[in-house]
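Heads up: the structure comes next, in structure tokens.
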2 protein chains.
Amino acid sequence: MTLTTTYLQETFAGTFELALLTDMAQAGLYKRVPTGAYLIRPGEYIRSVPIIIRGSVKIMRPDELGREALLYYLGGLDSCAMSLTGCLGQKKSEITALVEEETELIAIPMEKVDEWMCRYSTWKQFIFHTYQKRFNDLLGTIDQVAFHKLDERLLAYLRKKTQSCQCTVISITHQEIAQELATSREVISRLLKQLEKAAHIKLMRHKIAIL
Amino acid sequence: MTLTTTYLQETFAGTFELALLTDMAQAGLYKRVPTGAYLIRPGEYIRSVPIIIRGSVKIMRPDELGREALLYYLGGLDSCAMSLTGCLGQKKSEITALVEEETELIAIPMEKVDEWMCRYSTWKQFIFHTYQKRFNDLLGTIDQVAFHKLDERLLAYLRKKTQSCQCTVISITHQEIAQELATSREVISRLLKQLEKAAHIKLMRHKIAIL
DNA sequence: AGGCTTCCGTGACAAATGTTACAGGAACCC
DNA sequence: GGGTTCCTGTAACATTTGTCACGGAAGCCT
């Protein structure tokens, strides 16, 4: 699919000025990315900044071996601050971006990201707004890990999931949760059982209902 | 003290162009802040962006009650990303900035921060470089909390301290360490004893020597 | 049906961290 | 010197989290 200004007007109603949308239609690259694909992996270089139109992308931080802690999710009209600094600084990625639900995005080449910053004030605002959101996301993550016990974090994690998928039943295995909270499967199973006994959730195979 | 272009040229040798330094000399406000003072506290509004010239500032994240986890330190020629987003977004601060060692800084009014972004490319670079550094700092913090046990974190913490103060003996109480690592004093005492037995450190009253 | 894999439950134990309680030393003030 | 406060050490115990071991249920393939 090629980008049209009209299409962009619909999706970015109110946030970007017309001239910018026209530029975006020309310079941006529309992509549809299936569930399970990686937008970026640690060590790769970043050449464009993605703006998510629809879908859900999970941003994770890997440690030396194997484990990957969940940092935050990107959803509609979000963009990635890591990619911004990465781009402009020509650095390798320090994080993993995994598509959770099929995602539509617009990739903006880095020259344009830079160029538009001075030309369009709405773009500059968007960029800084993005930074602010990601920063707050990271702070929230730190709050969780530093101040809360695993059972609370688990419940918060499940709640956030239901928000991002707009439903009360989520499909996930204990093993996956364990990875994102940087712990082991058995521990998650145990805590989930506790939560079920406390009537916060209901367990099913491959699925968890939040009450 | 009033700012002179000459003084700025010395301290920012090579990073900023001359015209910018002249503007900075005019718009920037030089401040000397004593140890123990707060640059900002949660809930306050941010009106200017500080650039640290000398000294050391500790950035912390408070939780609902009392505890304050350490996020990172600002040192020479650092600036604060939180203040950037805070300024430009007119938000209240989410963090605490405490002066650890007497600090000299230049406060740049937020209008200028914005204005210079398009006028001076070195300023824009500086801003984004700052973002990148803070982001990496936060990622490092998350790494520590998510993947490492307390004894490792403690040792890392002590090592970082010695770096920032350029010496091998640091003055601090167990209680203070406990707060920054979001745990209790007894736990820190215990682990410090362990580290001493393992000959990593030497304990003294109010002081710890790192070997 | 039989064999295989993946996911889940669970007990038993080990290790790490948090909590409570108390005692002694150092510093300071009077 | 006596009282007070702050800092440190330490024992005992509770709770939380991590690890190992195993068995069973569901689903898939042939």
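All values derive from a computational prediction rather than experimental measurement. Within every chain, numbering begins at 1; the chains are lettered A, B, ... in the order of the sequence lines, protein sequences first and strands thereafter.
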TODO: For dT17(D), take OP1 and OP2 only and decide whether either is under 4.0 Å from a side-chain N or O of Ser184(A).
DONE: no
TODO: Return the 5'-most residue of the pair Lys207(A), His148(B) with respect to DNA chain C, ranking by each residue's nearest nucleotide.
DONE: Lys207(A)
TODO: May I ask you to verify if any side-chain N or O of Thr183(B) is less than 4.0 angstrom from the OP1 or OP2 atom of dG18(C)?
DONE: yes
Open item on the list: Is the ring pair Tyr131(B)/Tyr131(A) parallel, tilted or perpendicular, if the boundaries are 30 and 60 degrees?
Closed with: parallel
- [ ] Determine: side-chain N/O of His174(A) to OP1/OP2 of dG9(C), distance under 4.0 Å, yes or no.
- [x] yes
- [ ] Would you state whether a donor and an acceptor, one from the side chain of Arg185(A) and one from the base of dG18(D), lie under 3.5 Å apart?
- [x] no
- [ ] In whole angstrom, give the distance that lies between atom CZ of Phe147(B) and atom P of dT17(D).
- [x] 17 Å
Open item on the list: Under 3.5 Å, is there any donor-acceptor pair linking the side chain of Arg190(A) to the base of dG11(C)?
Closed with: no
Task: Minimum-distance nucleotide (side-chain atoms of Val187(A) versus dC8(C), dC7(D), dT19(D)) - done: dT19(D)
Task: Nearest-0.5 Å distance, NZ of residue Lys197(B) to CG of residue Leu203(B) - done: 11.0 Å
TODO: Specify the separation, in whole Å, of atom CD of Gln194(B) and atom P of dT10(D).
DONE: 12 Å
- [ ] In whole angstrom, give the distance that lies between atom CG of Leu154(B) and atom P of dT17(C).
- [x] 10 Å
Open item on the list: The side chain of Lys193(A) is closest to which nucleotide in this list: dG27(D), dG9(C), dT8(D)?
Closed with: dG9(C)
Task: Separation of dT10(C) P from Leu191(A) CG (nearest whole Å) - done: 13 Å
Task: Of the listed nucleotides dG18(D), dC7(D), dC8(C), the one nearest the side chain of His206(B) - done: dC7(D)
Open item on the list: Regarding Lys193(A) and Glu196(A), does a basic nitrogen lie under 4.0 Å from an acidic carboxylate oxygen?
Closed with: yes
Open item on the list: Measure NZ/Lys149(A) against C1'/dA16(C) and give the value in whole Å, please.
Closed with: 14 Å
Task: Approximate separation, where rounding is to 0.5 Å, of Trp123(A) CH2 and Lys112(A) NZ - done: 11.5 Å
Task: Distance, rounded to the nearest Å, where Ile201(B) contributes CD1 and dG9(D) contributes C1' - done: 14 Å
Task: Minimum-distance nucleotide (side-chain atoms of Glu186(A) versus dT20(C), dC20(D), dG18(C)) - done: dC20(D)
- [ ] Please determine, for the side chain of Leu203(B), which listed nucleotide (dG9(D), dG9(C), dT17(C)) has the closest atom?
- [x] dG9(D)
Open item on the list: I need the CE-C1' distance between Met204(A) and dA26(D), as an integer number of Å.
Closed with: 15 Å
Open item on the list: What is the distance, to the nearest angstrom, from the CD1 atom on Ile188(A) to the P atom on dC7(C)?
Closed with: 15 Å
Task: Within 6.0 angstrom of Gln26(B) CD, more than 12 heavy atoms from elsewhere - done: no
